[in-house]
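Worksheet for the structure shown next.
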Amino acid sequence: MTPAALKTYLEARKQLVERNLDIHLPAAHRPPQRLNAAIRHSLLGGGGKRLRPILLLAAGEAVGGGLEPLLPFACALECIHTYSLIHDDLPAMDDDDLRRGVPTCHKAFDEATAILAGDALLTYAFELAATPVTGQPDGVVLAMIAQLARDAGIHGMVGGQMLDMQAENRETTLAELQNIHVHKTGALIRASCLIGARLGGGDEGQIQRLNRFGEAFGLAFQITDDILDVTGDATIMGKSPGNDQKHQKASYPALMGLPQARQEAELMVNESLTALSSFSASADPLRALAGLLLDRTH
Ligand code: GRG
């Protein structure tokens, strides 16, 4: 896939996801207006790469599935991701003022509203995920809802966030840091690929390989996120870099230096590509996305 083709692809997928989020979420003028306005502010007000829904759709495409039936589940992933950002930005956690280039939810509204907007997005995600998927038995959709709950919850993202908080202001080993990354960021990214593969109709081998792709991609994504936190530009990123240092958090660059962290990211990108080796050109968007990680600016 050429860089121009990838740019067109990503723009089209982003628009598709945003159109569907707009359709599925209650309008800002609907009661309770303040809650709906806060949700829309964080979900649609500042953009975002829409990486998780795009991965889900691309994994579905890789196994020959259609886009339309996967859209509600793809939107569910973006709702969960956005809730995690809203809560992560709260004063009790990272205490950030800027997210996706706009004021964080608690700054634009207030803390209590931001907590509720996050809660509402988390629960709404499961309502969306429970939409029947054409061509798939309800049992398969049910299994994917359980998968999402696991990867977003105690044994996934939320558990990873807890480990991350407990690792602040103290020495952390590389194994510990990797475990935090695998759970905090990796689990939802891996789940996006696995769920797309399953709901897209992939066979067991394909599902396993796309799960492996998601695992390596998720780790590479978090390592490049750590790198951007040191080298990134606030205007391009739409949030303030330097967070890891501010909270004395362990990160790949802090533990091994920037050059080695870059090498580690490259290694993970290569692993993700290896997992795709038996796929046809239908996995080209996933391949191109993995390649893009090493040039991330936001
Ligand atoms: C508060 C329950 C709870 C969980 C928070 C994922 C997470 C756990 C917090 C986000 C904090 C953070 C900056 C993590 C680093 C990696 C990451 C998830 C970055 C943001 O995701 P992107 O780059 O954001 O996909 P956009 O805005 O493009 O959607």
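In listed order, ligands and their atoms are each counted from 1.
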dist Lys14:NZ -> Arg50:CZ (nearest 0.5 Å) comes out at 5.5 Å

Judged by heavy atoms only, the candidate from Gln161, Met165, Lys184 nearest atom 5 (C) of ligand 1 is Gln161

- Please determine if Lys49 has a nitrogen or oxygen closer than 3.5 Å to a nitrogen or oxygen of ligand 1. yes

Discussion item. Under 3.5 Å between any N/O of His81 and any N/O of ligand 1: does that happen in this structure?
Written reply: yes

Per-atom filter on ligand 1: closer than 4.0 angstrom to a heavy atom of His87 are 1 (C)

>> If hydrophobic clusters are built from ILVMFWY residues whose side chains come within less than 4.5 Å, do Leu273 and Val63 share one?
In response: yes

Near Phe221 (heavy-atom distance under 4.0 Å), the atoms of ligand 1 are 22 (P), 23 (O), 25 (O)

At under 4.0 Å between heavy atoms, what of Leu85 touches ligand 1? The answer is side chain

Is it true that the side chains of His183 and Asn179 contain a donor and an acceptor less than 3.5 Å apart?
yes

At under 4.0 Å between heavy atoms, what of Asp88 touches ligand 1? The answer is both

(Q) Between Arg40 (side chain only) and Pro26 (backbone N and O only), is there a donor and an acceptor less than 3.5 Å apart? (A) yes

Item to check | Side chains of Glu215 and Asn211, donor plus acceptor under 3.5 Å | outcome: no

Ligand 1 to Arg100, heavy atom cutoff 4.0 Å, flagged ligand atoms 26 (P), 27 (O), 29 (O)

**Message:** For Ser42 and Arg99, which I'm curious about, is there any donor-acceptor pair between the side chains at under 3.5 Å?
**Reply:** no

Using the ring centroid of each side chain, check whether His181 and Tyr252 are separated by less than 6.0 Å.
yes

Would you say ligand 1 has an N or O under 3.5 Å from any N or O of Arg52? yes

